[in-house]
Each structure stands twice: as structure tokens, then as C-alpha cells.
**Q** 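Could you have a look at this structure, given as C-alpha cells, before my questions?
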Amino acid sequence: MTNAISLTDVVKTFGETRAVNGLTLDVPSGICMGLLGPNGAGKSTTMRMLTGQAVPDSGTIEVLGLPIPRQSKQARARMGVVPQRENLDEELTCRQNVAVWSTLLRVPRRDRDAAVDRVLASAQLTDRADSKASTLSGGMRRRLLIARSLVHQPRLVLLDEPTVGLDPQIRGDIWTLIDELRSSGVTVLMSTHYIEEAERLCDDVAVVSHGQVIAQGAPSVLVAEYAGVEALECFGSPDRLTAIEERCSELGFPSRRTGPTLSILRAEAIPLHIVEGFGEVMRRPANLEDVFVRLTGERLEG
Ligand code: ADP
């Protein structure tokens, strides 16, 4: 399988800040890869280097076989880029916003109208095609931003935090769009700090912390490897939680504290008579957040 994206030992500093600190990542063609990490982990900077908007201090980057930044112009013409910051033309209609990009992205003139109609339909914006961008809801704006990036039928799409700031129920519409892209064979690289988003959409997740990829794999594989099947959430006074934490540590079960809750990982293997001594508990499936916290000691969502 060829790689759509390849980053090797990439470093990017801003003054004293090492935003990206020796990041190595291959994204095979045809998969949806998620860059999962908390704010400040270096995800956006990585995305911006892939498009040539930021230049690495060292390391090598290839996108669709082209060296970046040297051939970033050619690479950009072949990929779709959905930035985190919305930069729609407010005074233009949806159709006009996409049409401008169809010209910039060199869609042949005879194909432009059909291409614009196609992406507006896929983003479910056909009936708003002649509305100004300024009149759209937050979810519609995000769909328009994605539609615009797809007008030249790219084989690779980069999405930087595609649902950040959207209500959970609106996120679902964006997820559907991304899932359709993946199903059609387009390679997707998206950054996110939402666990559910990574678990639902991504074939593979690269866990990013302090500018590095610290683990990579299918969400279910990462969860099984680092967190097991089930987590046990324990509640109670801080002293009580500390006692449970110590007991679990003696028994060799990893655990993590999140505010007033203690989560014990690999809980499926804890004998029942021991669990009974923990008082009020709740069992839940282990998830990527457990993986992340276990690996880094940090939280994903603030
Ligand atoms: P993420 O997308 O994971 O939230 P970023 O790539 O935006 O992370 O940021 C990584 C680090 O680099 C942060 O500490 C951020 O403040 C810093 N950073 C990013 N861009 C710049 C910039 N243009 N100038 C200075 N510091 C920056």
C-alpha cells in the first residue's frame, strides 16, 4: 500500500516553543487517519506544514509523492483542505463560494457547474445554494467549507478539527459527510480532540502529545492494548478513592483520576469480591480517552 502522506522526524519551533517535536507518521492511501491530541499538541501546525503554510525546521514531508514544501503548490492542487478557521466569503452565496474555488482549483470550465452542484448536494446545501454565507447556521457553514474543498474531487482531504465548537447533534451531519468521503476511497487526515469523533470515523488514530506521535493504530486495537475491555468508575471521598487506587496498584491494575472520579482500567479482570469492596461503581467500555490518559497523564477534552 502506498502512503498518501509521510512525515519523518519533523520539527517546527516558534521561538522557545517546540510545536512539533520529531513527529513521524505515515498515512496509507484510502484510510481515515485521526490525529488525536489535546489543544496545543501540535496538530494544527502539522496540518499547516502539510499544505506548505508552515515550513518545518527539519525533517521530511511527502504528500501524494510530492516533497513539501518544495512542491506544495502541486500538492495543494490535488488535495482538499478544510481549515479550522472559517474563511468563507460572507457576501457571496453558497453556490458562488464554491464556484470561486472551482476556478482557483482549476476545475475545467465545462465541468464547473456540475461540480458545484455535486458538492452542494453532498453537503445537503442544494436548497440553500442561493443564500449568502452570512445567513447560514454554524453547521451549514462547516458543511459549505467542506463542500468547497471537494469541488475538484481530491483523492486526499485534510480536515483540521472539523467539528470544533459545533453542538453535538450537528457534529453528526459532519461525521456523515466525512464517512461518505472515506467510503468513496478518499484518504482523510483529520485532527480532533474529541474521542467519540476519532472512535467513530477513524480507521487509524495517531495519538499526539507534545509534538510527537506516541502511539498509533486502530482505535479498538489501541484501546485493547492500553486500556483493556472495561473500565470501572469509582466515586466517593478523595480518601476513599486514594485507598482504592492503592489497592488497584498493588494488584497491578492501572487507574486514572479525573476530577471526582477514579477510573480503573482492565477492570474486566478484577475479581468480583474485590470490586464489591469499592462501594458505588459504574462499569463502562474502555475508550480512547483511557488510552490517552494512560499514555500521557493528560486529558483530551477540557
Ligand atoms: P493543536 O492544533 O494541537 O492545538 P498547535 O499546532 O495549534 O496545536 O500548537 C502547538 C503549539 O505551538 C502551541 O503551544 C501553540 O501555542 C504554538 N504555536 C502554534 N502556532 C504558533 C505560532 N504561529 N506562533 C507561535 N506559537 C505557535
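Residue numbers start at 1 and run along the sequence shown. Both counts, for ligands and for their atoms, begin at 1 and track the order of listing.
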**Q** Tell me, which protein residue and heavy-atom name are nearest atom 7 (O) of ligand 1, and how many Å apart are they?
**A**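 Nearest neighbour among protein heavy atoms for atom 7 (O) of ligand 1, to 0.1 Å: S44 CB, 3.6 Å.
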**Q** Any idea which part of P38 is under 4.0 Å from ligand 1, heavy-atom wise: side chain, backbone, both or neither?
**A**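 Backbone only.
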**Q** With a cut-off of 6.0 Å (strictly less than), are more than 12 heavy atoms of other residues, nucleotides or ligands near CZ of R70?
**A**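 Open.
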**Q** Establish whether V81 and V151 are linked, either directly or via other cluster members, by ILVMFWY side-chain heavy-atom contacts under 4.5 Å.
**A**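 Each belongs to a different hydrophobic cluster.
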**Q** Is there a polar contact, in the sense of an N or O pair closer than 3.5 Å, between F14 and ligand 1?
**A**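 For ligand 1, there is no N or O atom that lies under 3.5 Å from one belonging to F14.
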**Q** Could you give the distance from CG (L105) to CZ (R148), rounded to the nearest 0.5 Å?
**A**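 So the gap between those two atoms works out to 9.0 Å.
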**Q** At what distance is the nearest protein heavy atom to atom 4 (O) of ligand 1, and which residue and atom is it?
**A**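 For atom 4 (O) of ligand 1, the nearest protein heavy atom comes out as G40 N, 2.6 Å.
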**Q** For ligand 1, which atoms sit closer than 4.0 Å to a heavy atom of T17?
**A**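 Ligand 1 atoms under the 4.0 Å threshold to T17: 12 (O), 14 (O).
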**Q** To the nearest 0.5 angstrom, please state how far the CD1 atom of I244 sits from the SG atom of C234.
**A**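 Answer rounded to 0.5 Å: 4.5 Å.
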**Q** Closest non-hydrogen protein atom to atom 12 (O) of ligand 1, residue and atom name please, with distance?
**A**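 For this ligand atom, the closest protein heavy atom is A19 CB, 3.2 Å.
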**Q** Taking atom types as modelled, find out whether E246 and S249 have a side-chain donor-acceptor pair closer than 3.5 angstrom.
**A**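 Not at all, the side chains of E246 and S249 share no donor-acceptor pair under 3.5 Å.
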**Q** Is the backbone of T2 close enough, under 3.5 Å, to the side chain of S29 for a donor and an acceptor to pair up by distance?
**A**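 Side chain of S29 to backbone of T2, a donor-acceptor pair under 3.5 Å: yes, one is there.
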**Q** Output the list of atoms in ligand 1 that are nearer than 4.0 Å to some heavy atom of A41, sorted by atom number.
**A**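 Numbered from 1, ligand 1 contributes 1 (P), 3 (O), 8 (O).
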**Q** Determine whether a donor-acceptor pair (N or O, by modelled atom type, separation under 3.5 Å) exists between the side chain of R141 and the backbone of A133.
**A**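 Checked: pair present.
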**Q** Any non-hydrogen protein atom below 4.0 Å of atom 21 (C) of ligand 1?
**A**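 Yes, there is a protein heavy atom closer to it than 4.0 Å.
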**Q** Could you check whether atom 18 (N) of ligand 1 has a protein contact, counting only heavy atoms that fall below 4.0 angstrom?
**A**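 Yes, there is a protein heavy atom closer to it than 4.0 Å.
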**Q** Please write down residue, atom name and distance for the protein heavy atom closest to atom 8 (O) of ligand 1.
**A**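 Protein heavy atom at minimum distance: G42 N, 3.1 Å.
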**Q** Look at ligand 1 and say whether G15 reaches it with a heavy atom at a distance under 4.0 Å.
**A**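 Checking ligand 1 against G15, which is what was asked, there is no heavy-atom contact under 4.0 Å.
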**Q** Could you tell me whether D113 atom CG has more than 12 heavy atoms of other residues or ligands within 6.0 Å of it?
**A**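 Open: at most 12 neighbouring heavy atoms sit under 6.0 Å from CG of D113.
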**Q** Looking only at protein heavy atoms, identify the closest one to atom 6 (O) of ligand 1 and say how far it is in Å.
**A**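 Answer, as residue, atom name and distance: T45 OG1, 2.5 Å.
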**Q** Side chains of S134 and E91: do they bring a donor and an acceptor to under 3.5 Å?
**A**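 Not at all, the side chains of S134 and E91 share no donor-acceptor pair under 3.5 Å.
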**Q** Could you check whether any heavy atom of G37 sits closer than 4.0 Å to an atom of ligand 1, since that is the contact criterion I want to use?
**A**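 No, that is not the case, since the closest heavy atom of the residue is not under 4.0 Å from the ligand.
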